[in-house]
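Read through the structure below, which is laid out as structure tokens, and then see the notes.
Proteins come first, then strands; the chains are lettered A, B, ... in the order of their sequence lines, and each starts at number 1. Note that these values count all heavy atoms, side chains included, but never hydrogens, waters or copies made by symmetry.
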2 protein chains.
Amino acid sequence: MAILKENGLKLTKRRKEILSFLIEENRYLSALDVFEFMSERYQGMSYDTVYRNLRDFSDLNLLEETEFHGEKKYRFSCNVNQDHHHHFICTVCGATKEINMCPMDMFKEQLPGCVIEGHRFEIFGKCENC
Amino acid sequence: MAILKENGLKLTKRRKEILSFLIEENRYLSALDVFEFMSERYQGMSYDTVYRNLRDFSDLNLLEETEFHGEKKYRFSCNVNQDHHHHFICTVCGATKEINMCPMDMFKEQLPGCVIEGHRFEIFGKCENC
DNA sequence: CTCCGTGCAAAGCGTTTGCACGGCG
DNA sequence: CGCCGTGCAAACGCTTTGCACGGAG
């Protein structure tokens, strides 16, 4: 949590709770998911605060951010493991499982003239609980 | 184009032009891209018509649909090659290059209890023209 | 001549922003 | 006590929908 202070962000109750919740849940959540959880604890909790904080956390690389295929909303998940990895993602509950294989390791530059800036590899499906 | 008729869609001038444009461009385009092109040909061309047709084409699997990472809008590209494949995608112009390697071939089910429903593998970067 | 396709307008959804108050440090 | 964080409200961008007219079959 020290990272927050280092970047000039104050350690408010709401921030702590949002982060704790994401760490505890350990899966991809929408802003609405977080908002609903927070609303149970703070009456009058506002959507904007959730968004702003998720955005701030994400900018500090505390979170992983993705969009499920065909969905237009952002999904956030707390990034404890800083190593490069990919995910199996449950499209029902957002649960993730780390996949250590990276297709880029197998993929030897067959793109003459192109500058590779990033990649994305995600497996979607239903986890054992859904 | 016969597919349209088979599914009860009429062959209108706008439809033909939208499809031709997508085939000719051979890259991921936003609805706005298509709208702007169409507007040059038909004054009074409406956004809704573009959307409706892109949606219809996509539902008939005539198009590939994706969202660039961090973008909230849909991108469409005409799917001539029906074989399973992945893409290098230029984040500037939307140009694509087919990648024949599929990471799922290397990936032997290490996800006990999970039902795999789909996957996504995309490489992002700049193409030789951008 | 009958429907489907279209343009127009408005609504919808998720997200972002401006402003003034309130609480952390 | 200064400034960042927050709630409220409104705006935003992209997409979708309802309705009545117009064109394809």
Side-chain angles (χ1 to χ4, degrees), chain A residues 1-21 28-60 62-63 65-77 94, chain B residues 1-21 28-60 62-63 65-77 94:
Chain A
M1 299 246 183
I3 302 177
L4 295 184
K5 276 195 169 176
E6 290 165 19
N7 288 79
L9 297 186
K10 290 181 181 172
L11 276 164
T12 64
K13 285 182 183 176
R14 285 159 180 73
R15 282 204 175 126
K16 284 185 215 163
E17 293 242 37
I18 292 175
L19 259 185
S20 305
F21 180 56
Y28 276 107
L29 297 165
S30 65
L32 179 61
D33 293 332
V34 177
F35 171 68
E36 285 176 345
F37 170 81
M38 290 298 289
S39 292
E40 291 174 11
R41 323 226 140 181
Y42 299 93
Q43 65 259 56
M45 182 73 203
S46 83
Y47 226 90
D48 332 83
T49 299
V50 171
Y51 269 105
R52 267 188 286 240
N53 284 320
L54 290 174
R55 183 64 45 224
D56 289 344
F57 296 161
S58 189
D59 290 347
L60 294 178
L62 296 176
L63 306 182
E65 197 173 333
T66 197
E67 313 93 42
F68 290 5
H69 198 83
E71 255 194 12
K72 271 169 300 177
K73 60 184 170 191
Y74 294 125
R75 297 281 189 155
F76 304 86
S77 158
Chain B
M1 299 248 181
I3 303 179
L4 295 184
K5 276 195 171 175
E6 290 164 20
N7 288 79
L9 298 185
K10 290 179 180 172
L11 276 163
T12 65
K13 286 182 182 175
R14 285 159 180 73
R15 285 207 173 122
K16 285 185 215 164
E17 293 243 37
I18 292 175
L19 258 184
S20 305
F21 180 55
Y28 277 106
L29 297 165
S30 66
L32 180 61
D33 293 332
V34 177
F35 171 69
E36 284 177 345
F37 171 81
M38 290 298 290
S39 292
E40 291 174 10
R41 323 228 141 180
Y42 299 93
Q43 65 260 54
M45 183 72 202
S46 83
Y47 226 90
D48 332 82
T49 299
V50 171
Y51 268 105
R52 266 188 286 241
N53 284 322
L54 290 174
R55 183 64 47 222
D56 289 344
F57 296 162
S58 189
D59 289 346
L60 293 178
L62 296 175
L63 306 181
E65 196 173 333
T66 198
E67 313 92 43
F68 290 6
H69 198 83
E71 254 193 14
K72 273 168 299 177
K73 60 185 170 191
Y74 294 126
R75 297 282 190 155
F76 305 86
S77 159

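- Side-chain contact between B:F35 and B:T49 is absent, with no heavy-atom pair separated by less than 4.5 Å.
- For A:S46, taking side-chain heavy atoms from C-beta onward, the closest of the listed nucleotides C:dG5, D:dG7, D:dT6 is D:dG7.
- In terms of phosphate contacts, A:R15 brings a side-chain nitrogen or oxygen within less than 4.0 Å of OP1 or OP2 of D:dG5.
- A:T12 has a side-chain polar atom (N or O) that falls below the 4.0 Å cut-off from OP1 or OP2 of D:dT6.
- Rounding to whole angstrom units, CD of residue B:Q43 and P of C:dC8 are separated by 11 Å.
- Within the 4.0 angstrom heavy-atom criterion, only backbone atoms of the sugar-phosphate kind lie near A:L9; the bases stay farther away.
- One can place NZ of A:K72 at 5 Å from P of D:dT16, the figure rounded to the nearest angstrom.
- The side chain of B:K73 has D:dC14 as its nearest neighbour among C:dG25, C:dC8, D:dC14.
- Distance, A:F57 CZ to D:dG5 P: 10 Å, rounded to whole Å.
- Between B:K16 atom NZ and C:dC4 atom P there is a gap of 19 Å when expressed in whole angstrom units.
- One interatomic measurement links the two molecules: CG of A:N7 to C1' of D:dG5, which rounds to 16 Å at whole-angstrom precision.
- Where B:K13 and B:R55 meet DNA chain D, the nucleotide closest to each residue was compared, and B:R55 sits on the side nearer the 5' end.
- Counting only heavy atoms from C-beta on, B:D48 has its side chain closest to C:dC8 among C:dG5, D:dG7, C:dC8.
- Of the candidate nucleotides D:dC4, C:dT16, C:dG7, D:dC4 has the atom lying nearest to any side-chain atom of A:K10.
- Phosphate proximity of C:dT6 to B:T49: absent, as no side-chain N or O sits under 4.0 Å from OP1 or OP2.
- For the pair A:D56/A:L4, no side-chain contact is recorded, criterion being any heavy-atom separation below 4.5 Å from C-beta on.
- Across all strands shown, B:L11 has heavy atoms under 4.0 Å from sugar-phosphate atoms exclusively, and none from any base.
- If you measure from atom CG of B:L4 to atom C1' of D:dA24, you get 13 Å, rounded to the nearest angstrom.
- Residue A:M45 contributes atom CE, which lies 11 Å from atom P of D:dC8 at whole-angstrom precision.
- At a threshold of 4.5 Å between non-hydrogen side-chain atoms, the residues A:R75 and A:D33 count as touching.
- Residues B:V34 and B:F76 have side chains not in contact (no heavy-atom distance under 4.5 Å, counting atoms from C-beta outward).
- Within the 4.5 Å cutoff, no side-chain heavy atoms of A:E67 are placed close to those of B:K72.
- Between the CG atom of B:L29 and the P atom of D:dC14 there is a distance of 15 Å, rounded to whole Å.
- The base of D:dG23 is not paired with the side chain of B:R14 by any donor and acceptor separated by under 3.5 Å.
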